[in-house]
Structures are given as structure tokens and as C-alpha cells.
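Below: one structure, written as C-alpha cells.
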Amino acid sequence: MLRSVLALSFLLLTAWSARAQYDIDQFFFRGQRAMMEGQYISAIDNFNIIIRLDPSLHEAWFLRGIAKYNLGDFGGAESDFDRAISINPVYTLAYHYRAITRSRLGHYDEALEDLQRAVELRPNYYGLYFSRGVTYFLSQQFEKAVEDFDRFISKEPREPDAYLNRGASYLYLGDTARALKDYDRAITLRHFDPEGYIRRSRIYYAQHRLEDALRDLDQAVAIDTANTFAYFNRALIRYETDDIQGALKDFDEVLSREPDNSLTLYNRALIRSGIGDWNNALEDYDRVLNINPENVLALYNRSILFIEMGRWQDAIDDLTRAIELYPDFANAYMNRSYVKNQLGLYASAEEDYRTAQAKVARYRAMTADSAGRAAFADTSRKYDRLLALDSDFARSSFNDELLQNRNVSINLKPLYRFVLKDDSDTQYMPAMLRGAYQDAGLSGFMASVPVDVELSCRPSEAAAVENTRLRDAVEEEVRRTGDDRTFFAKALIESGSKQFNAALSSYSEAIERNPGEVFYYINRGALQAEMIDFISSIGSNVQVLTMDNAGTARARVQDGTSRSYDYSAAISDMNRAAELAPGFPYTYYNLGNLLTLSGDMPGAISQYTKAVELYPSLGEAYYNRGLVLIYLNDREKGCLDLSKAGELGIDDAYSVIGKYCDGGAE
């Protein structure tokens with residue numbers, strides 16, 4: 001679609017102003033030719049000359065904007081389109097491409113305003129409806145997306161991308177039949193493109209029409225022998241049809257091109273373990289855990305492999321580590337009890353067995369809405385299923401004018417919340433930030449909590465050091481007084497040991513007793529976010545706080561199978577905290593993080609901005625806002641924020657500046 005619009009723009013520009021001099025004509029010709037050959041830097045050089053000679057030529061600004069867009073400089077592209085529109089307010093193409101650029105930046109409302117203006121100027125230019133349909137999709141307005149794709153298809157009935165995108169919109173609306181019909185039509189129109197077959201196969205797979213799905217993926221692989229996405233999906237289907245060797249062959253094909261694809265390694269390990277190929281399965285698990293040492297499922301399943309091999313101590317080590325990472329993992333306690341029995345450690349085995357039974361009983365007593373959080377306390381659940389492909393699987397061949405692969409990896413500084421004070425850990429908090437924020441309410445609250453606490457964003461430890469005396473003292477105080485502060489202290493101890501459900505219950509008890517205490521909501525919201533992050537990283541092998549291509553995957557027009565995580569409960573608690581204490585900056589910082597994780601990048605930037613307006617020395621807010629801006633390809637502003645974060649003591653900012661800000665966008 002992008003190529004066709006560019007071609008149209010070139011045709012339209014052949015009749016540009018007769019006032020131009022012959023030399024300018026030559027520079028226009030050279031610039032356009034360079035763009036058609038993909039030499040965008042050369043094109044910009046030529047358009048720069050034109051702009052210096054005659055800055056009133058809106059076409060030069062427009063074409064330079066397109067060149068910058070193709071180089072990923074979306075901020076620069078938007079600025080050039082702004083200039084073209086200021087010179088010529090009825091220039092439809094500039095509105096169109098500014099909308100495309102703003103959509104890439106996540107500014108969907110502004111993009112839709114531009115597209116509406118373009119439609120008013122040229123209602124018969126149907127490419128606008130395609131772009132607006134994509135923008136509606138990205139902003140999750142799926143019914144409107146369908147309407148615009150309908151308009152486009154009514155005039156361009158042979159454009160397969162429109163059917164693919166409308167089909168995806170139907171899927172999000174739950175209309176599988178129409179989605180399937182659109183994918184059929186796209187395949188008919190462009191039978192040599194694997195995309196349609198892959199998408200249709202996923203509908204067939206969901207409908208358990210495995211033979212049909214397999215036939216489509218065979219066709220996709222025949223068309224594109226390097227398509228790892230197709231190989232991965234075909235491996236899952238082959239496994240379900242008991243074609244074990246075929247599944248292994250497909251996973252091997254993925255790993256030959258992506259050797260560090262941990263999801264594929266994990267699945268191959270499960271299959272190898274199941275057929276008795278223990279040594280190779282063990283090698284795969286080792287590679288998964290080298291990539292992600294906190295992958296609980298890999299630790300658990302490797303422990304089972306060790307049990308099969310009679311390597312009892314290795315099994316205990318893996319199970320102990322899994323329990324440290326997730327104390328509610330009842331099956332891990334059960335298996336460790338079995339291994340200890342094999343070693344003659346009967347008393348310890350009995351203790352593990354009783355712990356497992358207690359967790360199972362607690363799980364069964366939970367309500368439906370909390371059961372998901374305690375899934376690892378369900379001993380009836382199996383952990384040997386192959387994991388389906390998540391939306392973050394690397395795939396850059398999607399052919400659309402907006403939806404291209406981005407390779408920005410950003411790690412947010414964590415949420416601020418109250419934690420047990422660790423006097424030995426002073427290096428994590430930046431020097432200029434430590435103790436700098438002054439607030440009487442904050443100081444009074446910390447003094448009133450019956451344990452020593454501090455406000456911190458340091459990462460949670462995998463397993464907190466036990467302080468039995470402190471725990472017992474707090475438990476006794478809870479029984480004696482039932483005071484909200486003691487429940488808060490109890491929750492801090494429980495969350496520090498990753499006893500998520502117990503901590504959530506204690507925070508809720510504190511809030512019930514004192515619903516006007518702002519800091520309780522901050523901690524409960526942060527805990528709920530941490531629970532989601534942990535569970536999602538277990539289920540999808542993707543660290544939520546690490547945004548590799550996650551934002552890109554959400555932006556792609558997918559089949560409705562893209563996995564997303566609901567941070568609404570955490571956001572609700574943070575919003576309540578903001579209502580109770582609108583001048584407390586850390587609440588807005590936390591909201592910025594939660595909105596980033598929810599995919600609302602513009603909203604996140606707004607919240608980070610509120611945080612630094614209230615507290616200009618909050619270095620983490622500058623750091624996270626800078627990362628989000630870079631992720632949205634607004635590199636100039638992002639790098640300025642990172643520079644400020646470095647000044648405020650966030651040393652990590654300088655490594656990011658070195659990676660993304662040297663030789664950046666023009």
C-alpha cells in the first residue's frame with residue numbers, strides 16, 4: 001500500500017509549480033529518483049537544496065518528510081508535513097502522510113483528525129479510507145475500521161491487504177465466519193503471499209480443523225521457505241496430530257534461523273523429553289534458562305527430567321529455585337517431597353507435602369476472579385503442554401504502510417512502592433534522589449508503620465531473606481489490634497516473599513479499615529501489576545517490562561490472538577491514590593508505567609510529565625519517558641529526557657544514550 005501511494009504522489013508532483021527554475025527542476029528529479037531507488041539520505045540532500053533555494057515550495061517539504069519517514073525519523077517527518085500544510089493548507093497528501101506518521105507515533109486521535117480533513121478535501125481518494133481503517137484498528141475502534149475497509153473495497157475490490165485487515169477487524173469483533181471469508185478472498189487475489197494462508201490457518205487451528213490448518217501452513221512454507229512464523233505454527237499442529245518428528249523438524253527450522261528463540265527451545269525440550277531424548281532435552285532447557293534464568297516452567301520441567309534420570313539433587317535444586325520464584329507453586333512442593341523421600345529425608349518430605357496440601361486447599365477456596373492468580377497452586381494442572389505462539393514472535397514481513405518492525409528494546413525503571421527498609425542497599429537509589437523529596441504526609445505515614453519502610457523502585461528480589469522474629473511480631477500485632485497499619489506491614493512482608501495472594505488480601509484488609517489512606521492504594525496497585533508481570537512472564541516467556549517488539553506486535557493487524565494483560569485493577573488503585581493525594585508525584589510515575597504496559601503510550605507520556613512537573617528531580621520519570629519517546633521514534637525529545645535522567649543520577653541513561661542517540665534522527 002505504501003509503495004502505491006508513493007507512486008501516486010510522484011505522478012501528482014510532475015505538474016508542480018511552473019514558477020520553479022530549471023535547476024530546481026533537476027533537484028526535484030534527482031530527489032524523486034533517489035527515493036524510488038531507496039536512497040533516502042541522498043533524496044534528503046537534494047530536497048534540502050531545493051528548500052534553501054525556495055522554502056515556499058510545499059512539495060519539497062512533503063517529499064523530504066516522506067524520505068525521513070522511510071528512515072524512521074517520524075518526528076522529523078511530522079515536522080516537514082507540518083511545514084507543507086502551513087504553506088498549502090489544502091494539500092491532501094500532506095494530511096494523509098502526517099496521519100500515517102502520527103499513527104506510527106501512537107497519536108491516533110490526531111491522525112484521525114488529519115484523515116478526516118483529507119477526506120473532506122478529496123472524498124474520492126479511497127486510499128484515505130484504507131489508512132483510516134488501519135488507524136481505527138490500532139485505536140481499537142474495530143467497527144469503524146470495518147466501515148472504512150468496506151468503503152475502500154467498494155472501489156478497490158482487488159486489494160488483498162484490505163481483506164486481510166478487515167478480516168482481522170472481524171476477528172476482534174468475534175465474527176469468525178466473516179473473517180474467514182475475507183482471508184479466503186485475500187488468498188484468491190494474491191495466492192503467492194504466505195500471509196493469508198498463515199492467518200487462515202490460525203482460524204482453522206482455533207476451530208480444531210487441523211488438516212485444513214496444516215494444508216495452509218504447508219502452502220505458506222512452500223511460498224516462503226524462510227518464514228519462521230509458519231514453521232512454528234505448523235510444528236504445533238504436527239504435534240497435535242502426533243507427527244512428532246515433523247514437529248521437531250519444524251522447530252529445528254525455526255532455530256536454525258533464530259537460535260535464541262526461547263519459546264521454540266522450550267517446546268522442543270518438552271517434545272524431546274516426552275520421547276526419551278533426555279540429553280538433548282536437557283540441553284534445550286539449559287539454553288532456555290541461560291536466556292531467562294527465572295523461567296519457572298523451564299525449571300519445573302527440567303526438574304522432572306532430572307527425576308527421570310535419577311539426578312535427585314539437581315531436581316531438588318531446580319524445584320527449590322522454582323519455589324523461591326513462586327511460593328504458591330504446589331506441584332513443585334509435591335515433587336520436591338517425592339524427591340526427598342527418595343533420598344530418605346522423610347521429615348522434610350512430609351513438611352513439603354503438608355505445605356502443598358495447604359496451598360491446594362487455599363486455591364480451591366478462592367473465588368473465580370482470583371483463581372488465575374493462584375494457578376500454580378492447582379495440582380490438577382499440567383505443565384507439559386506446548387506453549388502457543390505469542391504476538392511477540394519475531395516477524396518483520398508484514399506488508400503495510402504503517403505496520404513495520406521496530407527493534408527498540410527498553411526496560412522501564414520499576415514502580416515506586418513502599419518496601420521493607422534495607423539499610424545495606426544504598427547504591428540503587430540515585431544519590432540526588434535519595435531523601436530529596438520532602439512531604440510531611442509521607443514522613444508521618446512511614447513513621448506510623450510498625451516496621452521500617454522506605455519508598456523505593458528497586459527491583460523485587462526473587463526471594464526475600466526471612467526474618468522470622470519480625471514476621472511473628474507483626475502477625476501477633478495483627479491478631480491483637482487488627483489495626484490497618486499492621487495489616488499493611490504484614491502485606492509488605494508477604495509481598496517481599498512473593499506470597500502474592502496473601503499480600504493482596506492483607507492490603508485489602510488495610511484499605512477496608514482505612515479507605516482514605518492513599519499509600520495503601522499505591523502499594524496494592526503496584527502488587528497487582530507485579531502479579532500480572534510475573535504470571536505473564538511464566539505463561540508467555542516474555543518479560544512484560546521488557547518491550548522488544550511487543551508494542552509493534554500489538555500494532556500489527558493480527559488475527560485476534562494477540563495476548564494482552566489487563567492492568568485495569570492496578571490502574572484503578574493508582575487513580576484512586578491520585579484522587580486522594582493529587583500532589584504526590586510517584587502516583588503519576590506509576591500510572592505512566594502501567595499505561596506503557598497497557599499500550600497507551602501517549603497517556604503514559606502525559607502521566608510521566610505530571611510526575612516531573614510535581615517533582616522535577618524524579619530521574620526515573622525522565623528516564624522512562626525518554627524510553628517511551630524513543631520507542632515512538634521521537635528520538636530528539638527522548639534523548640533530552642535521558643540526558644536529564646543522567647544528570648539526576650540515573651547512570652543507565654548514558655548507555656541508552658550511547659545506543660540510540662548517537663547519529664540519531666535528523
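Numbers here are sequence positions counted from 1.
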Kindly compute the distance separating [atom1] ([X]) from [atom2] ([Y]), expressed to the nearest 0.5 Å.
| X | Y | atom1 | atom2 | result |
| --- | --- | --- | --- | --- |
| Arg524 | Ser505 | CZ | OG | 10.5 Å |
| Ile291 | Tyr266 | CD1 | OH | 14.0 Å |
| Leu345 | Glu351 | CG | CD | 11.5 Å |
| Tyr567 | Leu594 | OH | CG | 8.0 Å |
| Asn590 | Met574 | CG | CE | 4.0 Å |

Do [X] and [Y] make a side-chain contact, defined as non-hydrogen atoms from C-beta onward lying under 4.5 Å apart?
| X | Y | result |
| --- | --- | --- |
| Leu618 | Tyr416 | yes |
| Leu591 | Ile571 | yes |
| Asp634 | Lys637 | yes |
| Asp318 | Tyr300 | no |
| Asp641 | Leu627 | no |
| Tyr136 | Tyr108 | no |

With sequence neighbours excluded, tell me which residues meet ring pair (Phe, Tyr, Trp, His ring centres under 6.0 Å) with [X].
| X | value |
| --- | --- |
| Phe142 | Phe137, Tyr172 |
| Tyr507 | Phe488 |
| Phe519 | Phe418, Phe445, Phe584 |

Applying side chain to side chain donor-acceptor pair (under 3.5 Å), name anything that partners [X], two or more places apart in sequence or on another chain.
| X | answer |
| --- | --- |
| Tyr608 | Asn593 |
| Thr481 | none |
| Ser443 | none |
| Arg287 | none |

What I want to find out is whether [X] reaches [Y] closely enough, with some N-O distance under 4.0 Å, to be called a salt bridge.
| X | Y | answer |
| --- | --- | --- |
| Glu110 | Arg102 | yes |
| Glu475 | Arg471 | no |
| Arg480 | Glu476 | no |

Quick one: closest heavy-atom pair of [X] and [Y], and the distance?
| X | Y | result |
| --- | --- | --- |
| Gly638 | Ile630 | CA-CG1, 4.1 Å |
| Ser348 | Lys340 | OG-NZ, 2.7 Å |
| Tyr589 | Ala611 | N-CB, 3.8 Å |
| Leu580 | Pro515 | CD1-O, 4.1 Å |

If you measure only the distance, is there a donor-acceptor pair under 3.5 Å linking the side chains of [X] and [Y]?
| X | Y | result |
| --- | --- | --- |
| Asn575 | Tyr521 | no |
| Tyr333 | Gln357 | no |
| Gln499 | Asp328 | no |
| Gln141 | Ser139 | yes |
| Glu494 | Ser506 | yes |
| Asp317 | Gln313 | yes |

Any pair counted as salt bridge (charged side-chain N to carboxylate O under 4.0 Å, His left out), so long as it reaches residues 587-613, sequence neighbours left out: none
Sequence neighbours excluded, which residues qualify as salt bridge (Lys or Arg N to Asp or Glu O under 4.0 Å) partners of [X]?
| X | answer |
| --- | --- |
| Asp483 | none |
| Glu113 | none |
| Arg336 | Asp352 |
| Glu512 | none |

Please lay out, stage by stage, how Ile493 and Val474 fare under the test side chain to side chain contact (heavy atoms under 4.5 Å, CB included). CA-CA 9 Å; Ile493 295 172; Val474 170; 3.8 Å; yes
Polar side-chain atom of [X] near backbone of [Y] as donor-acceptor pair, under 3.5 Å:
| X | Y | value |
| --- | --- | --- |
| Arg513 | Gly482 | yes |
| Ser508 | Leu504 | yes |
| Tyr588 | Pro582 | yes |
| Ser303 | Ala315 | no |

Run Arg302 and Asp286 through salt bridge (charged side-chain N to carboxylate O under 4.0 Å, His left out) and show every step you take. CA-CA 8 Å; Arg302 189 173 69 173; Asp286 289 345; 2.7 Å; yes
Test side chain to side chain contact (heavy atoms under 4.5 Å, CB included) on Ser495 and Phe500 and set out the steps. CA-CA 6 Å; Ser495 62; Phe500 292 139; 5.6 Å; no
Among Asn624, Thr596, Leu629, which residue satisfies the side chain to side chain contact (heavy atoms under 4.5 Å, CB included) criterion with Ile605? Leu629
Pair Glu530-Arg417, salt bridge (charged side-chain N to carboxylate O under 4.0 Å, His left out): steps then yes or no: CA-CA 11 Å; Glu530 185 179 0; Arg417 71 272 188 255; 5.0 Å; no
